[in-house]
Number of protein chains: 2
Amino acid sequence: MPALSASSVFPPSGSADSAAAPGEAGPAFSPLYRQIKDLLTRSLQGGEWKPGEAIPSEMELAARYKVSQGTVRKAVDELATENLLVRRQGKGTFVATHAEEQTQYRFLRLTPDEGASGGMQRRLLDCRRMRAAADVARALGLKSGDPVIFVRRLLLGDGQPVVLDDIFLPGALFKGLTAERMGGYRGPMYRLFESEFGVRMIRAEEKIRALAADEVQAAALQVAPGAPLLSVERLSLTYGDRPVELRRGLYRTDRHHYRNELM
Amino acid sequence: MPALSASSVFPPSGSADSAAAPGEAGPAFSPLYRQIKDLLTRSLQGGEWKPGEAIPSEMELAARYKVSQGTVRKAVDELATENLLVRRQGKGTFVATHAEEQTQYRFLRLTPDEGASGGMQRRLLDCRRMRAAADVARALGLKSGDPVIFVRRLLLGDGQPVVLDDIFLPGALFKGLTAERMGGYRGPMYRLFESEFGVRMIRAEEKIRALAADEVQAAALQVAPGAPLLSVERLSLTYGDRPVELRRGLYRTDRHHYRNELM
DNA sequence: GAGTGGTCTAGACCACCAC
DNA sequence: TGGTGGTCTAGACCACTCA
């Protein structure tokens, strides 16, 4: 007899239609393992377990939620395939983190046309507080004029500029982020966000276009004005699909390409 | 006592290292459900069950392979998440197909900047047999000069040209594909490939770049020469990761964008 | 050896669908 | 009403890690 049951959150569809108005589909049924998954997600979101830490063992979780180990397992399985958790046989299950990824840039899909993807150099061009323009505010779920932190930086491969990024961060979440703090930091930016500000990027959505470089962009990337560039607008989301970063990247694609896999 | 066991394919790591040379990792262990998955994949590849058809029930498969239903379930689960199979509660498990997708173009990531993604019009510009150039042959795993079918077509949204596709298909797989056959066909191209030639696209890899339109491309897409276009080179693969289509697309991105989700 | 996740089983019951 | 996939359980054993 589990403490949680299908009816504890959503009544089985056999009983009265209850809250669901006719015509509305409504969540007819929520299996136990999905309720467990939601509870785990909430604990992650609330910071009960921090990135890199181990969560309780399957047996402990099963005892806590009064369900069988198999049910916990299915919940953890789904969170693992969503990259929120990482399972390590013999050791435990850990909160995913950007800190220990062998792939330097998990979200950067740009790949050299030939040769291995050597790490890129960074050059910080700008970093300051400003007020969000309308489009930036809308993307980040803020109000126009809300404080945001603006970062402009360059990525170089083999000494050649390849990526020009404009990054917008909600000021409220990244208090105290300064040019000095960013410039002195080695390693991926998302690692800094995670360790210093407790903001973990879970997933991201990108909109990709081709456009012609203007004078400023051309100068920064060392191409001719009007040269075609890949424009990649990325919205990064954290737990609960809350947007926490807007990134507008311009990629040179004469020696690199954006790789994607469709399944 | 299952007919298949871990040791039936790969010896458990406890036994002698056998074939694996020292230093080579080698597949140390293959669980039962993965062996079942491989057998199912082989049956799909061999055409034992055709796209759209139902495969045997979990109970039948469990009996056939002499394992428990749970083991079959795990194998089928993985094939379902890879989009090779589709489960339908109460009905059965079916071989995935492009024939019944509500999304008209499963692999086309181009989306209107605003408004719903209305279906696009097609216009066939060219379709003929030719010999594979070196780069095309290499991508498709053919030899230079092998016969290929070349298709050039245009996609229009709201009457405006949006996509210019150059498509290369191995001649050996698509015997009898003519301009008439293609021109008269309504519905996605991959549906035609599947129903007429038994070639099912499973997944694809894309390389994306920005480039400037040349005269021919500009004329076809009704943009100025030199205008920035998105270049999308897609290699489509079928069972066993065998390449079966090379597609070079040029996308206008002034009113559309390529959307992508990173996880 | 103790503790973790990983696999496999057997059986029960539920939700959905078709006849 | 019977068959399908979906959920949940309990227990056994295996593989891996670490003290």
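To find a chain, count down the sequence lines: A is the first, B the second, and so on, and within it residues start at 1. Everything numeric in this text was worked out from a predicted model, so none of it was measured.
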Q.
In this structure, how many angstroms lie between the P atom of C/dT7 and the CD atom of A/Gln69, rounded?
A. 12 Å
**Q.** Euclidean distance, atom CD of residue B/Gln89 to atom C1' of C/dC16 [Å, nearest integer]
**A.** 5 Å
Q. For A/Leu61 and C/dT4, what is the distance between atoms CG and P respectively, to the nearest whole Å?
A. 11 Å
(Q) Check this for me: does any side-chain nitrogen of one of B/Lys207 and B/Glu233 sit under 4.0 Å from a carboxylate oxygen of the other? (A) no
(Q) Which residue is it: B/His257, B/Arg259, B/Glu261? I am looking for the one with a side-chain contact (heavy atoms from CB on, under 4.5 Å) to B/Arg109. (A) B/Arg259
Q) Any side-chain N or O of B/Lys91 less than 4.0 Å from the OP1 or OP2 oxygen of C/dC16? A) no
Q: Show the numbers, then the answer: is there a salt bridge (charged side-chain N to carboxylate O under 4.0 Å, His left out) between A/Arg34 and A/Glu78?
A: CA-CA 9 Å; A/Arg34 189 161 297 279; A/Glu78 290 201 354; 3.6 Å; yes
Q. Starting at CD of B/Gln35 and ending at C1' of C/dC8, how long is that distance when rounded to a whole Å?
A. 13 Å
Q. If you check every side-chain atom of A/Tyr33, which of D/dT7, C/dC8, C/dG6 has the closest atom?
A. D/dT7
Q. Could you state the CE-P distance from A/Met59 to C/dG6, rounded to the nearest angstrom?
A. 14 Å
Q | Phosphate OP1/OP2 of C/dC8 contacted by B/Lys74 side-chain N/O (<4.0 Å) | A | no
**Q.** Nucleotide C/dC8, atom C1' - distance to OH of B/Tyr65 in whole Å
**A.** 18 Å
(Q) With salt bridge (charged side-chain N to carboxylate O under 4.0 Å, His left out) as the criterion, how do B/Glu48 and B/Arg64 come out once you've worked through the C-alpha distance, each side chain's angles and the decisive distance to 0.1 Å? (A) CA-CA 14 Å; B/Glu48 179 172 346; B/Arg64 174 197 294 202; 3.4 Å; yes
(Q) Is A/Ser57 close enough to C/dT4 that one of its side-chain N or O atoms is under 4.0 Å from OP1 or OP2 there? (A) yes
Q: Taking only the side-chain heavy atoms of B/Arg73 (C-beta and beyond), determine which of C/dG5, D/dT7, C/dC8 contains the nearest atom.
A: D/dT7
Q: Answer yes or no: does a side-chain N or O of A/Ser68 lie under 4.0 Å from OP1 or OP2 of D/dC8?
A: no
Q: Counting Watson-Crick and G-U wobble pairs only, both distances under 3.5 Å, name the nucleotide matched with D/dC16, or none.
A: C/dG3
Q: Give a yes/no on whether any side-chain N or O of A/Thr71 is located under 4.0 angstrom from OP1 or OP2 of D/dT9.
A: yes
Q: Say whether, by atom type as modelled, one donor and one acceptor occur between the side chain of B/Arg200 and the main chain of B/Ala96 under 3.5 angstrom.
A: yes
